[in-house]
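Data block below; observations after.
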Amino acid sequence: MNTALKNILLVDDSESIRRLVEFGLRGIYNVIGCENIESAKQKVEEHKVDLILLDIFLNEESGFDYCEELKQNDVYKKIPIIFITGLEKNEDI
């Protein structure tokens, strides 16, 4: 991991999405990929995270709930979060 680059925590249960984002941001950011909330909790404690890309629906878990949890924690509440999703319908938005 290049320590000069900023860290993005990518939380998505789709391996293909994680690979795509990691490939697209390679050399620009350090992308730390996680497939679930538990892994994300561990990684956010281990690394200085500058941005979180967070899937809205992670199997049985909710990205919204994890976001709420982070925003209630004084250590992590200032980390910007961008929600990502594969949902495409207007009613999903």
Side-chain angles (χ1 to χ4, degrees):
M1 185 177 328
N2 185 337
T3 57
L5 301 178
K6 294 194 179 265
N7 294 324
I8 292 179
L9 180 66
L10 169 62
V11 188
D12 198 302
D13 53 358
S14 168
E15 183 179 353
S16 60
I17 295 297
R18 290 192 314 272
R19 283 183 175 190
L20 179 68
V21 172
E22 288 171 3
F23 178 78
L25 297 177
R26 186 180 313 151
I28 303 169
Y29 298 98
N30 288 320
V31 179
I32 304 162
C34 300
E35 64 184 26
N36 57 47
I37 300 293
E38 287 307 311
S39 177
K41 289 178 181 181
Q42 178 183 354
K43 298 295 183 185
V44 82
E45 289 180 9
E46 293 174 358
H47 303 278
K48 180 193 178 299
V49 175
D50 299 294
L51 173 70
I52 299 173
L53 298 176
L54 181 58
D55 192 3
I56 293 174
F57 299 108
L58 297 154
N59 293 325
E60 301 296 320
E61 302 170 297
S62 165
F64 290 125
D65 291 342
Y66 182 51
C67 176
E68 230 176 83
E69 183 180 324
L70 286 169
K71 295 306 176 184
Q72 292 175 5
N73 184 313
D74 288 337
V75 176
Y76 307 122
K77 69 182 179 184
K78 292 191 178 185
I79 300 173
I81 298 173
I82 297 174
F83 285 107
I84 57 177
T85 185
L87 300 176
E88 301 174 337
K89 297 179 183 174
N90 284 339
E91 57 266 16
D92 294 328
I93 295 169

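Nothing here was measured: the structure is a model prediction, and the numbers come from that model.
- Here the straight-line distance linking atom CD1 of I32 with atom NZ of K48 works out to 10.5 Å at 0.5 Å rounding.
- Atom CD1 of I81 sits about 12.5 Å away from atom OH of Y76, to the nearest 0.5 Å.
- No donor-acceptor contact under 3.5 angstrom links the side chains of N7 and D50, judged on distance only.
- Minimum interatomic distance between V49 and K43 (heavy atoms only, all atoms of both residues): CG2-O, 4.4 Å.
- Connectivity analysis of hydrophobic side chains (ILVMFWY, heavy atoms under 4.5 Å, direct or indirect) links Y29 to I8, L10, I17, V21, L25, I28, V31, L51, L53, I82, I84.
- In E60, the CD atom is not crowded: 12 or fewer heavy atoms of neighbouring residues, nucleotides or ligands sit closer than 6.0 Å.
- Other cluster members for F23: none, since no ILVMFWY side-chain heavy atom sits under 4.5 Å from it.
- Between K41 and E69 the shortest side-chain heavy-atom distance falls below 4.5 Å.
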Worked check of side chain to side chain contact (heavy atoms under 4.5 Å, CB included) between Y66 and V44: CA-CA 12 Å; Y66 182 51; V44 82; 3.8 Å; yes
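- The two residues F83 and C67 have their closest heavy-atom pair at CZ-CB, 3.7 Å.
- Residues A40 and L9 share a closest heavy-atom pair of O-CD2, 4.0 Å.
- Scanning all heavy atoms of the two residues, the minimum distance from K71 to K78 falls at NZ-C, 4.3 Å.
- For the atom pair CG (D12) and CG (N36), the distance works out to 11.0 Å, reported to the nearest 0.5 Å.
- Remark: E38 pairs with no residue by the side-chain hydrogen bond (donor to acceptor under 3.5 Å, both in side chains) rule, at least two apart or across chains.
- Looking only at distances, no side-chain donor or acceptor of R18 sits under 3.5 Å from a matching main-chain atom of V11.
- Within the 4.5 Å cutoff, side-chain heavy atoms of K77 are placed close to those of D74.
- Across every non-hydrogen atom of L58 and E35, the tightest pair is CD2-O, 4.2 Å.
- With salt bridges taken as basic N to acidic carboxylate O contacts below 4.0 Å, one links R19 and E15.
- Tracing side-chain contacts under 4.5 Å through hydrophobic residues (I, L, V, M, F, W, Y), one never reaches L20 starting from I56; they form parts of separate clusters.
- Across D13 and F57, no two heavy atoms sit closer than the pair OD2-O, 3.8 Å.
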